[in-house]
Amino acid sequence: MQPMLNQSFNIENLRRIFDYENRRGVYLEGRFFPEIEEVAQAIKDCMADIRGLKKKKRTLLPQYYQLQKSILNEEKRKLDLRKEELLSKELGAICSEIGNGNIRIKIKSVTIPSGKPAYAVESTAKAYFIIKQLQYNLMKLYKVKQSSRHEIICQIKSILEDRFPKYIIRTDIENFYESIPRESLLEKIDQDALLALPSRNVIRQILSDYQSLSQASKGIPRGIGTSAYLSELYIRKFDDAVRSHEEIIFYARFVDDIVAIFSPRPNSSVAELLPFLENQAAALGLNLNKAKTIERDLRKPQNTKLEYLGYEISFGDDPIKIGLSARRVTKYKSRIIKSFDAYQKQARFDEKKARRLLLKRMMFLTGNTRLLNNKANIMIGVFFANSLISSVDELEEVDAELKAQTDAIKSASLKSLLSRFSFKQGFLDRRFRKFTPSEIADIVGLWSYEA
């Protein structure tokens with residue numbers, strides 16, 4: 001029998017969240033705890049001094065080296081203790097506030113390029129830790145886990161490579177977050193009785209505030225971290241129903257994007273397959289997006305294309321090819337343009353700072369990096385986001401946009417530095433660049449809430 005999950009908002013759980021986010025490269029000291037950030041920087045400086053001393057070891061007298069080493073180690077030990085004291089104090093204050101009944105968190109509406117309504121949690125340490133603990137509780141209790149984009153595309157490729165008769169439906173759920181019936185969701189959570197009352201109360205409060213802000217009779221707030229978990233929990237009935245269809249051979253859903261591959265029996269009607277999906281969605285109060293629904297009948301040989309999860313898969317009589325989707329190419333171009341626009345605006349006030357940030361953004365976009373302090377050794381970047389493509393043709397198109405933006409730069413020295421960056425070469429060479437958590441936050445902040 002497994003031990004019960006500790007769902008409480010106590011100091012041990014908050015510390016677990018702090019350490020986990022730190023391993024993911026999320027710099028919480030810089031975001032919420034400036035006093036701790038000062039000590040953390042002092043620890044980094046001390047460690048740099050220790051490394052510098054080791055490099056000079058051969059040039060120093062042994063007694064002097066050992067003395068300096070012990071002094072620096074003692075300084076670091078005291079700084080580590082100070083950091084722990086400050087962190088315990090800050091997390092303890094949050095726990096006390098929550099323990100006194102102040103568990104309410106505020107949400108606000110934000111603007112995103114897609115035009116869809118989105119929301120964000122107030123930027124406080126208390127709100128951050130409450131949301132993260134709630135996400136952890138949902139993930140552990142309901143075994144919520146997002147599908148792997150890489151694995152899905154590999155499976156689709158493998159299935160399409162055989163010549164067995166198939167019928168493919170590519171669709172998505174229309175206004176997914178905004179369509180989920182809140183009362184049905186809350187009723188399920190209450191009936192399951194897995195979540196502790198404080199967690200359920202936070203969910204109710206968030207959904208109540210969302211209703212007040214949106215004036216919508218249904219839906220959950222897009223952009224709030226818990227919404228991804230709640231939506232996964234709600235749509236499980238749809239997933240189970242589709243997987244139970246007697247002719248299904250593959251089904252994948254990534255958030256609201258769906259691919260279903262059927263192997264129709266000789267006398268069955270494929271005309272009934274899409275209505276089947278529509279009916280299963282309707283049973284949960286959801287609708288499929290007709291404008292984004294595509295059906296492919298592969299019982300007869302044909303060459304066709306399927307866009308899914310950032311890739312364009314070409315298949316049929318010819319060998320399967322995987323390229324970047326038009327949407328992925330547009331997103332890369334958009335990020336390039338936004339980066340150069342941000343440079344032009346910031347350069348009016350501080351050209352040096354604007355230049356550094358532009359170069360870092362191009363370095364990040366055209367390269368690859370390991371997330372620091374991450375035990376899972378997660379790697380991101382132009383290769384790892386697109387590792388399944390068959391050719392780099394679309395990346396050459398993105399490089400053309402980068403060159404056009406670079407050519408418009410007046411500074412010859414900056415233009416020379418920018419000309420070294422290439423999406424194509426970053427992919428082919430798997431070029432790695434190092435960034436600190438705070439640098440990544442500055443770099444990607446420009447693209448927050450993008451479509």
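Residue indices begin at 1 and follow the sequence shown. Note that the structure is predicted; figures quoted are calculated from it, not measured.
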Quick one: sort the Tyr210 and Tyr119 rings into parallel, tilted or perpendicular, breaks at 30° and 60°.
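Answer is perpendicular, since the angle exceeds 60°.
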Using the ring of each side chain (for Trp, its six-membered ring), is Phe435 parallel, tilted or perpendicular to Phe364, with breaks at 30° and 60°?
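Phe435 and Phe364: perpendicular rings.
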Tell me whether Arg433 contacts the main-chain N or O of Thr369 through its side chain, where contact means a donor paired with an acceptor under 3.5 Å.
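No; zero donor-acceptor contacts below 3.5 Å.
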Any donor and acceptor pair, going by atom type alone, linking the side chain of Ser339 with main-chain N or O of Arg335 inside 3.5 Å?
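Yes: the side chain of Ser339 pairs with the backbone of Arg335.
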Note: [X]-[Y] ion pair, threshold 4.0 Å (strictly below):
X	Y	answer
Glu38	Lys83	no
Lys78	Glu75	no
Glu397	Lys333	yes
Arg236	Asp240	no
Arg15	Asp19	yes
Asp190	Arg200	yes

Check the surroundings of atom NZ in Lys89: do more than 12 heavy atoms from other residues, nucleotides or ligands lie under 6.0 Å from it?
no
For the residue pair [X] and [Y], establish whether any side-chain heavy-atom pair is separated by less than 4.5 Å.
X	Y	answer
Ile203	Thr226	no
Tyr229	Leu134	no
Gln135	Ile17	no
Ile294	Leu306	no

Verify the distance criterion only: is there a donor paired with an acceptor across the side chains of Gln41 and Asp45 at less than 3.5 Å?
yes
With no hydrogens and no angle check, just 3.5 Å: does a side-chain donor-acceptor pair link Asn102 and Glu97?
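Yes, side-chain donor-acceptor contact under 3.5 Å.
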Ring of Tyr177, cation from Arg222 - is the NZ or CZ under 6.0 Å from the centre and inside 45° of the axis?
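Pair Arg222/Tyr177 does not count as cation-pi.
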Enumerate the side chain to side chain donor-acceptor pair (under 3.5 Å) contacts for residues 351-364, please, sequence neighbours excluded, ordered by first and then second residue.
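Residue pairs passing side chain to side chain donor-acceptor pair (under 3.5 Å), neighbours aside: Tyr343-Glu351, Glu351-Arg355, Arg355-Ser411, Arg355-Ser413, Lys360-Glu439.
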Looking at Phe423, Phe427, Trp447, which hits ring pair (Phe, Tyr, Trp, His ring centres under 6.0 Å) with Tyr332?
Phe423
Considering all heavy atoms, the nearest Asp257-Tyr308 contact
O-OH, 2.8 Å
